[in-house]
Amino acid sequence: MDTLNQLLQGFATAGTPINLLWALLGCTIGTAVGVLPGIGPATAVAMLLPITLKVEPTASMIFFAGIYYGAMYGGSTTSILLNTPGESGSMVTAMEGNKMAKSGRAGAALATAAIGSFVAGTIATVLVTFFAPVVAKYAIKLGPPEYFMLMLLAFTTVSAVLGKSTLRGLTALGIGLAMGLIGIDQISGQARYTGGVPELMDGLEVVLIAVGLFAVGEALYNVLYEGRVVESQNRMSKVHMTGAEWRRSWPAWLRATFIGFPFGTIPAGGSEIPTFLSYATEKKLSKNPKEFGTVGAIEGVAGPEAANNAAITATLIPLLTLGIPTSNTTAILLGAFQNYGIQPGPQLFDTNAALVWALIASLYIGNVMLLILNLPLVGLWVKLLKLPKAPLYAGILIFATVGVYGMRQSAFDLVLLYAIGLLGVVMRRFDFPTAPVVVGMILGPLAEAQMRNALSIGEGRWTVFLQRPGSLFLLVVVLAVLVLPRLIKRFRPPMEPDAMTRV
Amino acid sequence: MKRPELAIGIGTLLLGGLIAAGATQISSDAGYAGVGPNFLPLVVGALLVVCAIGLLREVFAGGFRDMEEPSGAEHGDWKGFVWVSVAILANAALITTIGFILSCTLCFVLAVRGFRWSQGRVDWSAPTWIVDALIGFAIAAPVFWMFTQLLAINLPGLTSTGWL
């Protein structure tokens, strides 16, 4: 009952006209950035981080959550109608969605994507409502050694497990950690790697790294390599599902929700794995397997889209209860909390209960808003796809400037922005993952502090990590995550080549 | 052997070495923890050096492994790239003197040239320059006003009125 009471209070806060307006604004901007190529939720939230200087925390967190959510809804529109996915979680949706659109069923694909996102997002929000306080209650018992191990687990999964090459993932993590080192050491107050440049004393801003890697990097990549890429757009049809399509969609939505949610909660974020899993499940269970990959099967859109939204919602659990981000966007949301001097973690549910519950309540509200924004108004967003590329990317550069300059008022940061953009181009061209950079940069300093605190508790002995059952268990998990996939690969050579390469 | 990949390997090696070398300049005063502020820098330096060795080994064995085919053209369009680069750097150089709106408008006009160039559709006639400048202004000005007037966040202006 306590949870319901607090949730009701959250609704009271989130339901004030001004907060509803922030939610609506966030959902609208989110859908737009989801639809537009070249800019995703991480970039959009990063560019708008300067508002944390003036807007109060509850309103801006509601706003950012709206963007985060909205981008997922918008991304499916792009991936169904264009032949390039708007954001990475929509990659799988694109496979069947495109086929459906090509055979004149774009409307049904859009409908099942939006309604599936709504169903999965709402169920996942209910689960967050009831599970997050429980997780927080247990998390409060964790000490620095366990925290350090959890963060180590997040580093390992983000860099070594997701992505194609462990080596390139770890290199990206190293670069992110190195960026996080710059500035004043939290514990001893010493300056590190500032080279006497006063601008570097406060460290690098998240905005700078995220906007540089994603927005400027994307713009430079586009001008270098993608100028001649011709995009074809599929024809729209009426947004409507037949009775048969409903019957085929809803079991897929529900199954996918329960596939997606657990993946979001463990510090192994990313929605790629659950969306692929859901796709594979639907393909196996479908009564119309011949439609997959030919005319397009509606389950192949319904499942992955729902799994994506469930996983995205669930990433809020590690973020809010442990302070551990598992994706680019949640890493930047953590940065937003830090700008307010709030450190997400188990205490958050006590110290900032009003903020947390308003945020959770706003997710329910946001899902309803997004359903309305994306079903009856989908025609509006489709028009965004017609924007010419040149002014679109040039416009993104203006927004990048506002985000970075607005944060610290430093022209020096704009030069750094260009340098990081170049890094982004190289990373994209040579298939280095970017999430480890952002997560490493944000989480690196926190992990370092936890490690040194843990060692202080152990009076300088490393065995402190082995003596506590919790941290020993997590250490074993980290090792398992690193070793098991390799062992499986070695002992079960080419297992279903088709399933491994494409799924 | 692929030269860009070789350069990436060497670059990673240099970065790792630089960080490890920098770590020796940081105090190792550890207090109760047994490890001081120089510990993580050493670990990160070592991680990058190890990764660099791994990357270089792959390069000498024929190139990075398990690569996703990069999207787009095989060779870069460097002229378009220069336009966009100049746009961003000019913006950095001019923003404090000519103000946010004008500087961003200039950035927009230059960058649009670059993107059109890479699409092979560049048009040098005067009207397109003017139209682009107007579009750039129409994006930059409202953004500036929203920040300075509505959110009261400082952005540099040509005048101190908060309108230009």
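Only a predicted model underlies this, so the values are computations on that prediction, with no experimental measurement involved. In the text below, chain A, chain B and the rest are named by the order of the sequence lines, each starting its count at 1.
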Heavy-atom proximity to chain A below 4.5 Å, by part of F100(B) = side chain
Exam field: side chain Y225(A) to backbone E74(B), donor-acceptor pair closer than 3.5 Å = no
query = Among residues 45-53 of chain B, which ones touch chain A with a heavy-atom distance under 4.5 Å?
reply = L47(B), L48(B), C51(B)
ask   = Does R168(A) use its side chain to pair, donor to acceptor, with the backbone of D66(B) at less than 3.5 Å?
value = yes
inquiry  = Does the plane of the ring in F39(B) sit parallel, tilted or perpendicular to the ring in W462(A)? Use 30° and 60° as the thresholds.
reply    = tilted
remark   = Heaviest contributor of heavy-atom pairs below 4.5 Å to chain B, chosen from T401(A), L170(A), L177(A), is T401(A)
ask   = Between R192(A) (side chain) and P37(B) (backbone), is there a donor-acceptor pair under 3.5 Å?
value = yes
ask   = Most heavy-atom pairs under 4.5 angstrom with chain A, which of G114(B), A140(B), C104(B)?
value = C104(B)
Chain A contact via L89(B) - side chain, backbone, both or neither, heavy atoms under 4.5 Å = side chain
Which atoms of R116(B) approach chain A - backbone, side chain, both or neither, heavy atom under 4.5 Å = both
query = Is chain A contacted by the side chain of E58(B), its backbone, both, or neither, given a heavy-atom distance below 4.5 Å?
reply = side chain
request  = Using a cut-off of under 4.5 Å on heavy-atom pairs, state which of P391(A), A411(A), A191(A), S188(A) scores highest against chain B.
outcome  = P391(A)
note = Value for CG (L55(B)) from CZ (F432(A)), rounded to nearest 0.5 Å, stands at 5.0 Å
inquiry  = Parallel, tilted or perpendicular, judged at 30° and 60°: which one describes the rings of Y418(A) and F81(B)?
reply    = tilted
query = Does any heavy atom of chain A fall under 4.5 Å from the side chain of I26(B), the backbone, both, or neither of them?
reply = both
note = Scored by heavy-atom pairs under 4.5 Å with chain B, the best of E226(A), E448(A), Q190(A) is Q190(A)
task = Mind checking the CG-SG spacing from L414(A) to C107(B)? Nearest 0.5 Å is all I need.
result = 9.5 Å
Set of residues satisfying ring-ring contact (aromatic ring centres under 6.0 Å, His included) with respect to F214(A), sequence neighbours excluded = none
